[in-house]
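Read the numbers this way: they start at 1 and go in the same order the structure lists the ligands and their atoms. Please read these numbers as outputs of a predicted model, since none were measured by experiment.
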Amino acid sequence: MDATNLEVARIFNEIADLLEIKQESTFRVNAYRRAARAVESLSEDLRTIAQRGELRRIGGIGQSLAEKIEEYLRTGAIAYHEELRAAMPRGLAELMTIPEVGPKTALLLYERLGVSSVAALEEAARAGKVRQLPRMGAKTEQNILAGIARMRAQSARQPLGAVLPHAQAIAGALRGISGVEALSIAGSIRRMRDTIADIDIVVATRRSDAVMDAFVALPQAETVLSKGSTRSSIVLRHVGVQCDLRAVEPDSYGAALQYFTGSKDHNVQLRERAVRLGLRVSEYGVFRVRTDRRLAGRTEEDVYEALGLQWIPPEIREAQGELELAERRALPALVRVGDIRGDLHVHTTWSDGAHTAEAMARAARQRGYEYLCITDHSRSLKFAGGVTIEDLRAHARAVRHLSDRLGIRVLLGSEVDILPDGSLDYPDEVLESLDLVIGSIHSRFRMPRAELTRRVIRAMESPHLDILGHPTGRLVGQREPLDLDIDAVVEAARRTETVLEINASPERLDLKDTHVRLARDSGALFSIGTDAHRTEHFAYIDYGVGTARRGWVEATQVVNAWPLARLLDFLAR
Ligand SMILES: [Zn+2]
Ligand SMILES: [Zn+2]
């Protein structure tokens with residue numbers, strides 16, 4: 001049975017429940033119940049029937065219900081249903097946010113136990129009061145508690161950097177299980193979104209029961225929310241994030257991976273395209289509607305190819321014009337981690353870094369980098385060990401020495417504070433002596449928009465400023481971008497040839513994806529800098545490159561993907 005049919009039937013039943021609670025006419029209530037039964041008993045997929053234009057020929061489905069089904073197929077929801085839910089008394093509406101609690105159960109809980117909040121319901125369930133209600137039982141009570149746990153896990157999006165390492169650890173553990181033929185993280189992590197609601201993993205296997213047994217037994221699992229042969233869910237210890245594992249036959253692996261990677265909007269566009277081509281795409285594959293013949297499903301490449309498209313990198317599957325370009329085989333060649341030749345934003349023990357310049361240089365060489373630039377803080381940033389002018393001269397000598405000795409070119413730069421008036425924190429002759437200057441705002445963030453924008457643009461107009469560091473000052477999940485006129489900053493970057501940083505520190509990811517895209521479209525140049533304060537932080541480059549890719553950036557637009565000679569030419573201009 002197709003998942004769409006079941007979901008539409010569930011929604012119709014719930015509309016009937018909601019109408020009943022509102023004491024609407026029995027006639028309308030029954031119409032929805034009858035429609036739900038009719039949809040449930042179909043042997044064919046609603047989507048297929050809709051494509052033939054025959055929804056209205058299903059017994060019990062009139063004009064208005066057919067339109068609701070069409071709305072669901074188009075948007076994945078039915079507005080009337082959402083309105084009814086929203087119109088319930090507040091306590092009931094809150095209870096119904098738990099997936100296991102439908103309108104009838106909510107009403108029962110409300111009337112019999114006086115429960116009108118999720119917290120109260122949790123307390124009642126823990127006290128064993130829910131199982132004593134009619135039509136309830138210990139199993140339902142358990143399901144409700146699991147539903148509350150799942151909802152809590154989903155409610156807060158967490159920064160990508162807080163979740164990705166756990167997702168990778170779980171993926172690594174699952175790869176070792178016998179019977180796993182292929183495996184990938186899917187969902188918004190695969191798309192490198194800056195915040196994450198849950199972890200989705202897809203495996204190809206012919207032994208899904210054994211794989212699921214191993215999954216729910218992982219030491220990382222704090223709670224097992226559900227276990228089945230195609231899907232299981234756990235909540236992770238410590239991070240509290242839900243992790244869903246989906247097991248599919250190897251033949252459907254590409255289609256499932258594509259489907260569960262999203263984004264939702266991208267997949268809607270893909271389905272619409274399929275319909276125009278007389279095809280149907282689902283998590284099982286791409287099918288020709290007329291013959292129901294399966295055309296693709298084993299790999300993602302096949303799935304896109306069957307739809308007449310070039311494979312689309314996950315980071316740009318956001319319904320932002322990628323399908324049109326994929327059709328013309330004209331997608332940008334997005335920058336890859338392997339394109340990066342050096343890191344231009346690095347701190348050491350000369351300011352607030354944990355490791356010496358030598359240790360950082362060795363670690364950079366270890367990564368295969370051609371160059372790195374040491375950019376400790378400037379003199380005003382006293383709490384972060386800002387470097388005095390005298391010390392800077394000594395550092396220049398030390399850095400030359402390191403280059404000679406280690407076989408990696410070490411440049412000396414500085415992360416110079418942009419002072420409140422837009423001037424830079426060292427005099428011109430000092431700035432001139434440096435290989436590279438990053439200008440960053442670290443204090444006096446809260447200024448009126450026009451003043452802050454003038455401050456940043458004035459700094460960019462300095463002939464010494466090469467890179468604008470973490471341009472908007474945002475912190476993922478903690479601080480919104482500063483109130484800057486981003487269009488004006490991007491325009492100034494183009495005019496003054498100032499490089500915009502994509503700060504790769506997972507706390508920052510600044511510029512963020514949408515700003516990167518804006519800047520990229522206007523022809524700006526970027527530097528992907530890790531802002532490393534320890535050798536381990538060089539690995540943050542993955543987050544920066546992911547953010548750059550989400551902004552459609554190509555390697556040619558990234559100055560630290562350029563060979564050293566070209567970079568030096570650019571800096572000397
Ligand atoms: Zn900084
Ligand atoms: Zn920094």
Side-chain angles (χ1 to χ4, degrees), residues 161 340 342-357 359-361 363-364 369 371-387 391-392 395 399 410-420 422-426 431 434-447 452 455-456 459-460 462 464-476 478-482 484 489 493 498-512 515 526-541 543-544 547 559-560:
I340 301 299
D343 203 321
L344 301 179
H345 190 156
V346 175
H347 296 273
T348 72
T349 47
W350 288 335
S351 66
D352 59 349
H355 294 139
T356 62
M360 296 304 273
Y369 283 162
Y371 50 82
L372 89 157
C373 185
I374 306 288
T375 54
D376 277 303
H377 289 292
S378 63
R379 56 183 177 176
S380 286
L381 211 60
K382 299 223 166 57
F383 67 85
V387 178
D391 285 345
L392 215 47
H395 296 168
V399 153
V410 186
L411 304 173
L412 184 68
S414 174
E415 183 179 12
V416 180
D417 261 58
I418 298 175
L419 302 176
S423 64
L424 299 174
D425 189 27
Y426 287 126
L431 295 172
L434 295 166
D435 294 312
L436 179 148
V437 174
I438 300 176
S440 301
I441 291 185
H442 290 121
S443 59
R444 292 284 311 278
F445 298 107
R446 291 183 210 299
M447 280 186 169
L452 188 66
R455 174 182 176 188
V456 170
M460 292 166 89
S462 156
H464 303 296
L465 190 86
D466 300 300
I467 298 175
L468 183 63
H470 42 79
T472 70
R474 73 108 169 214
L475 296 173
V476 178
Q478 288 176 57
R479 187 166 72 207
E480 287 300 304
L482 300 181
L484 263 182
V489 170
T498 304
V499 175
L500 295 173
E501 183 177 70
I502 299 171
N503 192 291
S505 166
E507 288 163 25
R508 293 190 182 272
L509 300 181
D510 178 16
L511 296 173
K512 67 173 183 171
H515 288 157
F526 300 95
S527 165
I528 306 175
T530 61
D531 208 344
H533 284 67
R534 355 175 24 97
T535 55
E536 298 85 345
H537 291 174
F538 282 125
Y540 290 166
I541 195 71
Y543 297 101
T547 304
V559 298
N560 55 317

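- Relative orientation of the H377 and H442 rings is perpendicular, given thresholds of 30° and 60° on the angle between their planes.
- More than 12 heavy-atom neighbours from other residues, nucleotides or ligands sit within 6.0 angstrom of CZ on R479.
- The aromatic rings of Y543 and Y540 lie perpendicular to each other, with more than 60° between the two planes, well past the 30° mark.
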Next item on the list: Evaluate the criterion side-chain hydrogen bond (donor to acceptor under 3.5 Å, both in side chains) for residue pair D425 and S380; output intermediate values, then yes/no.
Entry: CA-CA 7 Å; D425 189 27; S380 286; 2.6 Å; yes
Item checked: Test side-chain hydrogen bond (donor to acceptor under 3.5 Å, both in side chains) applied to E415 and H470, step by step -> CA-CA 11 Å; E415 183 179 12; H470 42 79; 3.1 Å; yes
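- When side chains are defined from C-beta on, K512 does not count as touching T547, because their heavy atoms never get closer than 4.5 Å.
- Only protein atoms were considered; those of element N, O or S under 2.8 Å from the Zn ion (ligand 1) number 3.
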